[in-house]
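One structure is given here, and the rest of the page talks about it.
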Amino acid sequence: MTTNIFFLFLLFLLHHAFVNGDATLIKKTCKNTKYYNLCFSSLKSDPTSPNADPKGLAVIMVGIGMTNATSTSSYLSSKSIGLTNNTTLNSVLKECADKYNYAGDALQASVQDLANEEYDYAYLHITAAKDYPNACHNAFKRYPGLVYPKELASRENGLKHICEVAMGIIDNLINLNW
């Protein structure tokens, strides 16, 4: 009986140590990013983060960015399917959907770069993904009568911030040789 209690106590201590270690790695990783709270909450909420090393944490953030880009592209595609008679707006929404699709593709390429430990290329692809929403925003600016939707502005900022976090993690990988 004493052995069982000791064993349970030992398991409890080991579990507690690993949970704190994971939070410590996430805090350490996020500390040097531009958006600490976004980084910490995103990584902490992902069920695979407890087993991830710093490179794995970068991949998780890139995956979050891919989800954002894909859902934004789908959102824009659904808005551009003849919901309005404004052909200019439909055209711009289609263009924006394509830009967010390209952002998702660039993020997907960065996952392969991370797997190959080609951090400079991963950084480059994430930078491209971060910039694609600007092309969408600029498409709206070309037509003075079109208003840039608040929902799209929010999604744009979200993707940019997620990319900034991923880039910060990659900076850590490059500079600290994790």
Quick check: does any side chain N or O of Thr67 sit under 3.5 Å from a backbone N or O of Gly63, one acting as donor and the other as acceptor?
yes
Does the Ser77 side chain pair with the main chain of Ser73, one donor and one acceptor, at a distance under 3.5 Å?
yes
Once side-chain hydrogen bond (donor to acceptor under 3.5 Å, both in side chains) is applied, do any residues pair with Lys160, and if so which ones, sequence neighbours excluded?
Asn134, Glu156
Using the six-membered ring wherever Trp is involved, compare the ring planes of Tyr148 and Phe140 and label them parallel, tilted or perpendicular (cut-offs 30° and 60°).
perpendicular
For the pair Ser74 (side chain) and Ser71 (backbone), establish whether a donor and an acceptor sit closer than 3.5 Å, ignoring hydrogens and angles.
no
Given side-chain contact (heavy atoms from CB on, under 4.5 Å), test Leu57 with Asp46 step by step and report yes or no.
CA-CA 10 Å; Leu57 296 177; Asp46 188 281; over 6 Å; no
Would a hydrophobic clustering, with Ile, Leu, Val, Met, Phe, Trp and Tyr connected at side-chain separations under 4.5 Å, put Leu146 with Leu152?
yes
Report the C-alpha distance between Tyr123 and Asp171 in whole Å, list the side-chain angles of each, state the deciding distance to 0.1 Å, and finish with yes or no for side-chain contact (heavy atoms from CB on, under 4.5 Å).
CA-CA 8 Å; Tyr123 197 95; Asp171 278 338; 3.3 Å; yes
Taking Thr29's backbone N and O only, do any of them form a donor-acceptor pair with Asn172's side chain (distance below 3.5 Å, no angle check)?
yes
For the atom pair SG (Cys136) and CG (Asp131), what is the distance rounded to the nearest 0.5 Å?
12.0 Å
Applying side-chain contact (heavy atoms from CB on, under 4.5 Å), run through Met167 and Lys130 and close with a yes or a no.
CA-CA 10 Å; Met167 291 161 56; Lys130 179 185 164 210; 4.2 Å; yes
With sequence neighbours excluded, what pairs up with Glu118 under the side-chain hydrogen bond (donor to acceptor under 3.5 Å, both in side chains) test?
none
Heavy atoms, side chains only, cut-off 4.5 Å: are Cys96 and Val92 in contact?
yes
Between Ala52 and Leu25 the two heavy atoms that sit nearest each other are O-CD2, 3.4 Å
Please check if atom OH in Tyr36 has more than 12 non-hydrogen atoms from other residues, nucleotides or ligands closer than 6.0 Å.
yes
Thr88 side, atom OG1; Arg142 side, atom CZ - distance, nearest 0.5 Å
10.5 Å
What heavy-atom pair brings Tyr132 and Ala106 nearest, and what distance separates the two atoms?
CE1-CB, 4.5 Å
Which heavy atom of Ala166 sits nearest to which heavy atom of Val62, and what is that distance?
CB-CG2, 4.1 Å
Atom CG in Asp98, atom CG in Leu93: separation rounded to 0.5 Å?
11.0 Å
Separation of Leu114 CG from Leu173 CG (nearest 0.5 Å)
7.5 Å
I'd like to know if the side chain of Thr33 reaches the main chain of Cys30, judged simply by a donor and an acceptor atom lying under 3.5 Å from each other, with no hydrogens or angles considered.
yes
Quick check for you: to the nearest 0.5 Å, what is the distance between Asn90 atom CG and Leu76 atom CG?
11.5 Å
Considering non-hydrogen atoms only, spot the tightest contact between Lys44 and Ala23 and give its length.
NZ-CB, 3.9 Å
Is there a salt bridge (charged side-chain N to carboxylate O under 4.0 Å, His left out) between Lys79 and Glu151 once you walk through the steps?
CA-CA 12 Å; Lys79 296 290 183 194; Glu151 170 69 17; over 6 Å; no
Would you compute the distance between atom CE of Met61 and atom CG of Leu107 and round it to the nearest 0.5 angstrom?
10.5 Å
Counting distance only, does the side-chain N/O of Ser78 pair as donor-acceptor with the main-chain N or O of Tyr75 below 3.5 Å?
yes
Kindly work out whether a path of hydrophobic side-chain contacts (I/L/V/M/F/W/Y, heavy atoms less than 4.5 Å apart) joins Leu38 to Phe40.
yes
When clusters are formed by joining ILVMFWY residues with side-chain heavy atoms under 4.5 Å apart, either directly or through shared neighbours, do Ile126 and Ile174 land in the same one?
yes
Looking only at heavy atoms, the pair that brings Gly65 and Leu159 closest together is O-CD1, 3.6 Å
In terms of heavy-atom contacts, Lys55 and Ala115 come closest through NZ-O, 3.9 Å
Determine whether Ile170 and Leu124 fall in the same hydrophobic cluster, where Ile, Leu, Val, Met, Phe, Trp and Tyr are linked whenever their side-chain heavy atoms lie under 4.5 Å apart.
no
